[in-house]
Structure formats: C-alpha cells, structure tokens
Amino acid sequence: MDKPTIGSLDSRSALGTFYEELFAPTEEFFQSYDAGSRTIMGFAAPLKGRKPCAVELVVGTEVIAFSKAGRLSLQAYAAGLRFGWCGYELFGLSEAIAIDGDITVRCAVHGNVLHRYDRSAIEKAPQAGPVTLSARELLQELRLTNGTSDLKYILPFLKRYSSTHGTRDIVEALYRYIFRRSADESGLKTWTDRINEGTTPEHIAETLWSLAKYENSSVPPVLQGPFEPGFTFGLELFD
Amino acid sequence: MMMPNAYLEVSPMFEEYWTGIPNVAAAIAHNALRDSTIHWQFTFENALLPNEMVKQFLVQRSGVGGLASLADLVWTKPDISYADGQAGVGIFTGMKSVREFYAREAMIIYDLSPLLTPHFHTSDNINHFSDRIRDDIETTNHFFCISQAAANDVSAYFEIPSGKIDIIPMAFEYSPSDLSIAQGIARRHKVEPYIVVLGTLEPRKNGRLVLEYIARNPSFASQYRFVFVGREGWLSERSELMDKITAAGVDRNRIFFTGYVSETEKLGLLYNASFCIYGSFFEGYGLPVLEAALLGKIVVCSNSSSMPEVAPQSCLFFDPNDIVQLSRAISVASQRSMRTRQSLQSFEDVRAELEGRNWNACYTKIADWIHHG
C-alpha cells in the first residue's frame with residue numbers, strides 16, 4: 001500500500017506502477033534544447049488514449065527534472081499529433097552537467113532512454129544570463145506552462161463536446177472553462193438563445209474569451225490545456 | 001477472513017474547485033481505490049457512485065460535471081439498501097447525509113468554527129451546522145479529527161471520550177511536474193523579492209492585518225512585493241484598506257491580488273517567494289502552512305487554534321490580533337529568508353521532503369478502524 005519511494009531508478013518498477021495510473025508510456029518523441037537557457041523541449045505522446053506522457057531528465061540515476069507532456073507544442077501541432085497537446089519542457093541541464101554520469105531523457109513510466117546528450121556540447125555552449133521577473137510576470141509564466149492564450153488550440157475539443165451535448169451544457173462548460181465559474185441566469189439565456197438561433201459554439205467561445213481578456217488585463221487569463229483541472233470539454237478526441 | 005464492506009461518502013468531491021475539505025476527501029478516496037483489503041464503495045448521500053466517476057474526479061482534480069451525471073444516476077441505479085448498509089461501515093467526509101444507517105459510522109471533523117467563531121459565518125451556515133452537528137455526533141461511533149485542536153474542541157463541547165477520537169495527519173498532494181516547473185523558474189530567472197500572503201480573501205483569514213502593517217511600514221513594501229494568493233472577495237473592505245495604503249505613500253502596484261490560482265501556479269508562487277504570511281484567526285488545520293513549510297519556506301503564522309501544530313519548526317508565530325507581534329515576526333522572517341539556501345536544493349531532495357508527507361498515514365488510521373474498530 002505504501003507509495004514507492006523515489007530517489008533512484010532502482011525503484012523504477014514500483015514507481016512505474018504508480019506513474020502508470022497517471023501517465024501513458026511514450027511512443028512518439030521529439031526533443032530539442034535551447035543552449036542559452038539550458039532547457040530541453042519537445043513532445044512525448046502515446047499513439048492514443050486519454051493520459052499524457054511524462055518524461056524525466058536523468059543523470060546517472062538521479063532525476064534532475066520531471067515534466068508531464070501536456071503542454072502545447074507547436075511542432076506536435078504541425079505534425080498533427082494530439083492536437084499539439086503533448087509538449088514538455090525540462091529545466092536543469094546546468095545542474096545535470098555538474099553531476100557525473102550519462103545525461104538522458106527517459107520515459108517516466110517505463111524508464112527507457114528516449115535521448116542521450118553529449119555533455120561536452122552542452123558545456124561549450126554559452127549560457128544566457130538570468131532574466132528578471134516580477135511576481136506578476138512569474139504568475140503569467142506559470143499560467144502559460146500548461147495552457148495557451150490562443151483559443152484555436154482548444155476549438156477542436158469544443159467542437160467535439162458540442163456534437164454530443166445540449167445547448168445549456170455547452171454554455172455552462174464555456175463559462176466554467178473561460179471564467180472559472182458557473183454561468184449566471186442572464187448569461188445562460190443570452191448565449192443559449194444565440195446558439196439556438198444559429199451562432200456556432202466556437203463563435204460564442206471567441207466572444208466570451210475576448211470578454212475574459214478584457215476583464216482581466218492586469219494578469220491576462222490563460223486557457224488551460226486538456227490535462228489540467230477545469231478543462232470542461234472532455235478528452236474523447238484522444239481516443 | 002471476510003473483507004469488510006465500507007462506504008465512503010464523497011459529496012465534498014463534487015465541488016468544482018477543490019480546497020481543504022474536498023482535497024481530504026479525494027486523498028482518502030484515492031487510497032481507498034488502491035486498497036485491496038477493504039471492499040470500498042463510494043456514495044453521494046445514499047446514491048452509489050460508479051468507481052469510474054470517482055477516478056474521473058481524481059484525474060481532473062474537480063467534481064465538475066458530477067452533479068449532472070448524478071441526476072442521471074439516481075434514475076438508473078438503486079440506492080444502498082438498508083440491509084447492505086447494516087452489513088457495512090460508513091465513513092462521512094462531510095456532514096452526515098444519513099444517521100444510523102450503517103452498522104458502524106465514522107465522521108471526519110475539520111473544525112467547529114460555525115459554533116466557535118460564528119462571527120465569521122453567515123447565519124444560514126451557522127443554523128445549518130448547529131441544526132445537524134449534535135445529532136450527527138450522537139449517532140457516530142468514531143471521529144477522525146484533522147488536528148489536536150479540533151479533537152480538543154469535539155471532546156470539550158460534545159463530551160466525546162478520547163478513545164473515540166483519532167487524529168488523522170494531513171498531507172500535501174503535489175505534482176512532481178509542478179515542482180519541476182517551480183524549480184525551473186528559480187533556475188532560469190531572477191525573481192523579485194515577494195511575500196506570499198496565503199488564503200482566500202475573507203475576514204477570517206485576516207488579510208486586513210497585513211494591509212494595515214503595510215500602511216504603517218511603507219518602506220517595507222519597497223523591499224518586497226506583497227502577493228495575496230487566493231480567491232478574491234471582501235472587496236469593499238479591501239478597497240478601503242488599499243486607499244489607506246496609498247495615502248501612506250505606498251504604490252498600489254506593490255500589492256498584487258492573484259485571484260484563483262491553480263495548483264501549478266500556487267506551488268510556483270510559494271516556491272519562489274521569500275517567505276509567507278498566514279494570519280488566520282481560526283483554522284481546523286492550516287494546510288497552506290504545511291504546503292509552504294514542506295517547500296522550505298519560513299511562515300509568519302498566526303498562533304491561534306490548530307496552526308501551531310502544523311509546522312512549528314518553520315514558523316514564526318504571532319497573535320493574529322496584534323500588529324506589533326506581526327511586525328516583529330516579519331522582521332525576523334525577512335532576515336532569515338536572506339540566509340535560506342532553498343533555491344539550491346535538488347529536485348530529488350525537495351521531492352523526498354514532499355513524499356515524506358503523503359496521505360498514507362491518514363488513510364491507514366481510517367482503514368485500521370474499519371478492520372479493527
């Protein structure tokens with residue numbers, strides 16, 4: 001019953017069982033790295049299914065960083081993979097090169113090596129200096145990690161949801177997703193009437209999203225990705 | 001030996017945004033799903049829920065859509081029969097929906113705040129709680145309290161013997177991905193010094209005292225930005241206090257109200273903060289204090305109710321009614337935080353710290369009572 005202890009890859013099989021509950025094994029993988037920020041980015045995806053993948057940056061047996069592959073990846077989007085929602089970022093190459101051992105990215109579920117890095121190439125590349133962030137900018141950066149400010153990456157999910165749900169459900173889902181609250185009575189009536197008169201749910205979504213951005217200009221809102229709590233349109237597209 | 005039948009009432013998990021009580025219910029449900037020694041079923045009042053629904057809530061960390069599904073369920077699935085109830089054990093994660101329905105019944109008690117601090121509650125809330133609590137307690141065989149303070153209150157006000165009360169340790173559910181994101185920001189950026197003031201904006205959380213501190217110490221706000229993390233409310237009082245702060249010469253932009261934040265955002269904000277303030281007048285536990293402490297943060301913490309139990313080694317305590325004590329604690333925290341080397345901790349060091357405080361110990365107490373109670 002105890003959660004497996006983490007700390008070394010010797011506990012991989014136990015850890016894998018735990019992670020299998022949350023993540024899918026990686027079957028499609030792409031990586032690149034930014035030498036300046038020493039960040040690895042790319043996408044990791046299963047062939048299908050409603051769970052995201054997860055990847056780890058490992059040196060020897062020590063895990064340096066972990067990422068759920070549920071971010072928006074423009075490369076994955078261009079490749080037609082998971083509507084783009086299988087991106088990851090791994091920070092910590094600077095720490096990695098300070099430790100002895102092979103530098104690898106691995107599938108967090110099965111532990112298999114997905115990519116191996118050339119330590120000397122990383123060490124040679126000049127590192128960019130730190131960027132100063134205000135607390136407000138920090139929050140915005142955190143918000144964007146698992147979301148997007150561009151509605152077009154969410155519309156396929158909305159379209160699928162709209163094909164299987166009634167008008168009221170669609171408006172409620174849009175309110176909970178965009179405004180993080182239930183629809184008030186007047187909003188519910190206004191937008192259900194519009195849909196019933198022929199306006200598409202996508203057009204309603206664009207209107208509501210514009211309103212949300214206008215109301216929250218100090219820290220612009222972000223649309224959460226499909227693997228985040230509060231994503232209201234379901235994951236059937238990944239089946 | 002026959003496996004015991006147990007029913008976990010999970011109505012708190014139907015809430016859209018999970019904070020304290022839904023998170024506790026979810027953690028118990030998650031462990032219950034993995035326990036092969038007890039035949040667990042999940043209920044909303046008397047309605048049996050499919051396990052898949054509970055799993056979906058756990059994945060999405062929200063009960064969104066649950067009530068709509070429930071409306072369909074009640075027409076298609078029978079309620080638990082009285083005979084089945086009498087053959088099982090009921091565990092209630094909120095107010096009891098039924099009484100003396102199961103062979104044995106246990107409640108989780110978070111606090112008695114509607115009775116002890118009625119001035120922080122609406123009259124509807126007070127009436128609802130007071131109308132129900134005595135009968136709930138009188139029909140319950142065992143109590144799981146989330147703190148010693150809550151246990152003391154239950155014992156004192158309802159004369160419950162100590163043998164019928166267990167304290168269940170609270171924990172911090174986190175995502176290793178969120179931890180990595182927070183560390184990644186610390187590694188790549190130089191973040192301005194800021195202080196996180198924890199808790200939803202409501203009178204009980206005592207944000208007013210912090211704003212009054214800022215008004216009296218305008219130079220401190222030029223050293224640190226104050227970030228109030230949590231859902232916004234209490235808008236007219238906040239507006240009045242912000243005017244007072246501006247009149248004292250503080251730039252309003254030095255104070256930032258985040259509104260609702262996700263778990264990713266909360267962990268990132270906590271991890272990169274200089275230190276935290278939690279000035280609540282009353283808590284049943286004080287989970288935000290535990291979260292901040294496990295991430296290595298110093299917490300300037302109210303000394304009221306349960307809060308001194310949570311993470312005393314990481315806290316500088318003050319009387320939530322005393323601005324002078326708050327000032328002294330903030331001054332010490334500021335000095336200590338400059339010496340903290342937390343940003344150099346490895347991913348695995350921090351993860352081990354967080355893993356050490358998982359929900360197993362809490363669940364084990366409940367499971368033990370089911371087996372042997």
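Residue numbers begin at 1 in each chain, while the letters A, B, ... track the order of the sequences.
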- request: Could you check A/E137 against B/H189 for side chain to side chain donor-acceptor pair (under 3.5 Å), going step by step and ending with a plain yes or no?
  value: CA-CA 11 Å; A/E137 288 164 337; B/H189 298 299; over 6 Å; no
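Of all the listed residues (A/R50, A/E172, A/Q127, A/E141), the one sharing the greatest number of non-hydrogen pairs under 4.5 Å with chain B is A/E141. Annotation: maximal heavy-atom pairing with chain A below 4.5 Å, among B/S62, B/G268, B/P193, occurs at B/G268. Ranked by heavy-atom pairs shorter than 4.5 Å toward chain A, the options B/Q56, B/E265, B/K55, B/R61 are led by B/E265.
Using a 4.5 Å cut-off between heavy atoms, B/R225 contacts chain A through its side chain alone, with no backbone atom that close. Residue A/S94 does not touch chain B at all, counting heavy-atom pairs closer than 4.5 Å. Contact of A/R181 with chain B is made through the backbone alone, with heavy-atom distances under 4.5 Å. Both the backbone and the side chain of B/V191 come within less than 4.5 Å of a heavy atom of chain A. For chain B, the nearby part of A/T145 is the side chain; its heavy atoms alone come within less than 4.5 Å. At a 4.5 Å heavy-atom cutoff, the contact between A/R71 and chain B is made by side-chain atoms alone. If you measure heavy-atom distances from A/D169 to chain B, you find no contacts under 4.5 Å at all. Interface residue B/E16: only side-chain heavy atoms are found under 4.5 Å from chain A.
Exactly one of A/F157, A/F43, A/Y153 qualifies for a ring-ring contact (aromatic ring centres under 6.0 Å, His included) with A/F83. That residue is A/F157.
Neither side chain, B/S274 nor B/Y224, offers a donor N or O lying under 3.5 Å from an acceptor on the other.
In this structure, B/F14 and B/F57 have perpendicular ring planes: the angle between them is above 60°, well past the 30° mark. Aromatic ring orientation, B/F42 versus B/W40: parallel (interplanar angle below 30°, classes split at 30° and 60°).
Of all heavy-atom pairs spanning B/L295 and B/L270, the tightest one is CD1-CB, 3.8 Å. Across all their heavy atoms, B/Y194 and B/A273 have their closest contact at OH-N, 3.3 Å.
Because its NZ or CZ atom is not both nearer than 6.0 Å to the ring centre of A/F91 and within 45° of the ring axis, B/R187 does not count as a cation-pi partner of that residue.
More than 12 heavy atoms of other shown residues, nucleotides or ligands fall within 6.0 angstrom of atom CZ in A/R180.
By the 4.0 Å N-to-carboxylate-O rule, B/R188 lies too far from A/E89 to be salt-bridged with it.
Here the straight-line distance linking atom CD1 of B/I330 with atom OG of B/S337 works out to 11.5 Å at 0.5 Å rounding.
Within residues 225-239 of chain A, the residues having any heavy atom less than 4.5 Å from a heavy atom of chain B are, in residue-number order, A/E228, A/P229, A/G230, A/T232.
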